2 protein chains.
Amino acid sequence: MGQAPGRLTQRDIARLAGVSQTTVSLVLNNRGDAGARIAPETRDRVLRVIRDTGYAADPLARRMLKQLNQILGVFTYEPVFPSTSADFYHPFLRGIEESAERSGCDLLLFTSAPVRDGQRRIFHENNRLRVADGCVLLGREIPSAELSRLVAEGYPFVCVGRRDDADGRPVPYVGADYVNATAQLVDRARACGHRRFAFVGPGTGAESSADRLAGFRRAVGTEAPFLSVGTPDPAERLARLLEAGVTAVFVEVEAEAVALAAAAASQGLSVPRDLSMVTLGDPTIPVDSSLDFTGFHIPRPQMGQQAVELLVDVLHGQTSVTQRLLGCELTHGETLGPPAS
Amino acid sequence: MGQAPGRLTQRDIARLAGVSQTTVSLVLNNRGDAGARIAPETRDRVLRVIRDTGYAADPLARRMLKQLNQILGVFTYEPVFPSTSADFYHPFLRGIEESAERSGCDLLLFTSAPVRDGQRRIFHENNRLRVADGCVLLGREIPSAELSRLVAEGYPFVCVGRRDDADGRPVPYVGADYVNATAQLVDRARACGHRRFAFVGPGTGAESSADRLAGFRRAVGTEAPFLSVGTPDPAERLARLLEAGVTAVFVEVEAEAVALAAAAASQGLSVPRDLSMVTLGDPTIPVDSSLDFTGFHIPRPQMGQQAVELLVDVLHGQTSVTQRLLGCELTHGETLGPPAS
DNA sequence: CCCCTGAAGTAATTCGCATTAGCACCTTGA
DNA sequence: TCAAGGTGCTAATGCGAATTACTTCAGGGG
């Protein structure tokens, strides 16, 4: 199936034109210069038959010889189209699609990877990774065991988002520079007059979380309060912050920033007058808040785009640099201002 | 030179397992029954190597021999991820992805199709349709020339959305029954007491437009006013409707319904008291309106889902019925009420 | 002892195309 | 007259996997 019964081949054309298959191929590829030449007369006869029959070369057969299939895999740890994951994946995918289009590649979504515990796994019984020439990996957190195996197998891939080394070997990625972005925001807060800062968020686990905390630590020193999400109650969290004399709080997840701001408001405190707040990246979960948070912008489409570019380069053996960090643009919101005192 | 780094072949597997390439192929395809059998011991050894190396057959080579690859193509006439086309494509794709996951297929997005005049083309120099086992086609309007060619070539495909025959041969599709949905809405309006109806929209071009008008005509008879989009000014359109004594207007595109309602409001007319309005399908362009329109709901995810199911059936030769129409659920909005008089 | 059968596996071929090597037929020039 | 060189074309090969048509070996029956 798939194959039309009467599909034409170069042999058919050759027979019709009274030449060999080789000649047809040569005519088609205009290889007059390279060694073999074709008499104009013959060439015209062949072209004529080709035109009359509407023959077109089978792209598969062509590709077979070139050894690259122009298929790039895209692996996501969840289905991409449901609206629950849409806000997270789509900006990346937009860049990926655009870049694939530019380099003439098709994208293979690994929907065949079975979902287990709400997550897909790259490596499973009968994994089909190698169907693609290489693969772009997408996900907030990627199990390091899977990365190790990919690296060990020498499979060409690029992660979207910075990744720690796997077994001491570098993992190819295109990431965003959360360390610097966060540090810059701290500097800006300091320039505003703030002296006591706090970080709210996991700060560990995914590289993206660790990097934010690292940037924060680098800029403020190590003694600043660090509150993990362990304290789920925004009111209590707020109380602890104020108790510690914090005037500027850096929140990893926008949803938590919103909750904290709400808690502040309910106590008659105003942002940023009584407490400055900074979020560390665009929301991945849609959040409606009237507040325009100060923070930074993650260049998601660019990350996707460059991930594909990097992968293509790797596939062509055209690069040795396999890690790229993109800068984040700071956003001037309304939640950072001079401290009250 | 172009060799994908580390791409394994059956020869590699064979060498590692100490067998011939034939044996590897036989093991992979479970052809123990057909003539050649493999000792369990050998089979395990081969499977072991395959699992250890993560080998997967080259889809192109397999397709050359007319085999299936568990790869379903998805062709869209525009990129799918930009937010401009998101609202239109995503609901379909959600169903497609889900269904593909269930049947263990991967999805190949044909991003390699070059965009020309803001639209992709299926058939172009080097089209790679045949990389996939079959293909789901997505788009409001699909050039009939492309459909004809697909049918003529015997390529397995399924359209999302009803399509007219191509050169007298049926085009496989999973569509929505706009004819009935529209007709039912007319009936409901009649039950409310309305007697003079109008249809606003192109009513021609894409099958989806034609079907809506057809349903409208069937239910009201042929003499009802039909206003094409030729008159772009909502106020003028409104005037003509009222002049014709129309009390219930059926609008194909929600955005135009909104404009019309706004025009009515600005003249002090209220919907539905002075004019009832019905929209014919969920908005494809995001529209913000406080009105909850009466109309119907297009089962987009189900369409995508069933399109994949149908395609899989076709690929396995398990069906002869290649056209399905799904019903649309009517929505009880607030824009249809009894006429004023 | 030889033929037959079944089991287990392999060599050879195929798909459609690009490429390489080489063949047969001219001209030349000496 | 013959090697040298050019011209115009074709046979053969390979890409990776599936399939067909063998081969090889062991055991059993006559």
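Lettering of chains follows the sequences in order, A, B, ..., and the numbering in each one begins at 1. If you're wondering where the values come from, they're calculated on a predicted model, not measured in any experiment.
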key: Atom pair distance, as rounded to whole Å: CG in B:L8 and P in D:dG16   = 11 Å
request  = Count the heavy atoms belonging to other residues, nucleotides or ligands that lie under 6.0 Å from CD of B:Q318, then report whether that count exceeds 12.
outcome  = yes
key: Selection from D:dG16, C:dT10, C:dA18 that lies nearest to any side-chain heavy atom of B:M64   = D:dG16
inquiry  = What contact category does A:V24 fall into here, base, sugar-phosphate, or nothing, at under 4.0 angstrom with non-hydrogen atoms?
reply    = nothing
task = Identify whether NZ of Lys or CZ of Arg in B:R149 sits under 6.0 Å from the centre of the six-membered ring of B:F123 and within 45° of that ring's axis.
result = yes
ask   = Hey, which of these two, B:A61 or B:G18, hits DNA chain C nearer its 5' end, going by closest nucleotide?
value = B:G18
inquiry  = Of the options D:dT10, C:dG16, D:dA17, whose atoms approach the side-chain atoms of A:T23 most closely?
reply    = D:dT10
inquiry  = Of the listed nucleotides (C:dG16, D:dA17, C:dG9), which one gets closest to any side-chain atom of A:L65?
reply    = C:dG16
query = Atom CZ of B:R63 to atom C1' of D:dC15: distance rounded to whole Å?
reply = 18 Å
message = Could you tell me how far apart B:L68 (CG) and D:dA18 (P) are, to the nearest whole angstrom?
response = 12 Å
request  = Classify the side chain of A:Q10 and the base of C:dA18 as holding, or not holding, a donor-acceptor pair under 3.5 Å.
outcome  = no
inquiry  = By nearest atom, which of the nucleotides C:dG9, D:dC15, D:dT10 is closest to the A:S20 side chain?
reply    = D:dT10
ask   = If you check the B:Y55 side chain, which of D:dG8, D:dA17, C:dT10 turns out closest?
value = D:dA17
Whole-Å gap separating P (D:dG14) and NZ (A:K66) = 18 Å
message = Would you say CZ of A:R102 has more than 12 non-hydrogen atoms from neighbouring residues, nucleotides or ligands within 6.0 angstrom?
response = yes
request  = Compare side-chain N and O positions of B:T42 against OP1 and OP2 of C:dG9 and report whether any pair is under 4.0 Å apart.
outcome  = yes
request  = For D:dA18, take OP1 and OP2 only and decide whether either is under 4.0 Å from a side-chain N or O of B:S25.
outcome  = yes
request  = Fit a plane to each ring of B:F75 and B:F110, take the angle between them on a 0 to 90° scale, and name the class: parallel (under 30°), tilted (30 to 60°) or perpendicular (over 60°).
outcome  = tilted
query = From D:dA18, D:dC9, C:dG9, pick the nucleotide closest to the side chain of B:N29?
reply = D:dA18
task = Classify the side chain of A:Q21 versus the base of C:dA18 as yes if they form a donor-acceptor pair under 3.5 Å and no if they do not.
result = yes
key: For atom CD of A:Q67 and atom P of C:dG16, their distance in whole Å   = 19 Å
Distance in angstrom units between B:D44 CG and C:dG9 C1', rounded = 16 Å
ask   = To the nearest Å, how far apart are B:R11 CZ and D:dA18 C1'?
value = 15 Å
note = Of the candidates C:dC17, D:dC9, D:dG16, the side chain of B:D58 sits closest to D:dG16
Below 4.0 Å: OP1/OP2 of D:dG8 and any side-chain N or O of A:R37 = no
message = Just the rounded figure in Å: distance from P of C:dG16 to CG of B:L60.
response = 14 Å
request  = Just do the side chain to side chain contact (heavy atoms under 4.5 Å, CB included) check on A:D164 and A:L147 with the steps written out, would you?
outcome  = CA-CA 10 Å; A:D164 292 329; A:L147 292 179; over 6 Å; no
inquiry  = Tell me whether the side-chain N or O atoms of A:T22 pair up with the base of C:dA18 as donor and acceptor below 3.5 Å, since no angle test is needed here.
reply    = no
Electrostatic pair A:D52-A:R48, nearest N-O below 4.0 angstrom = yes
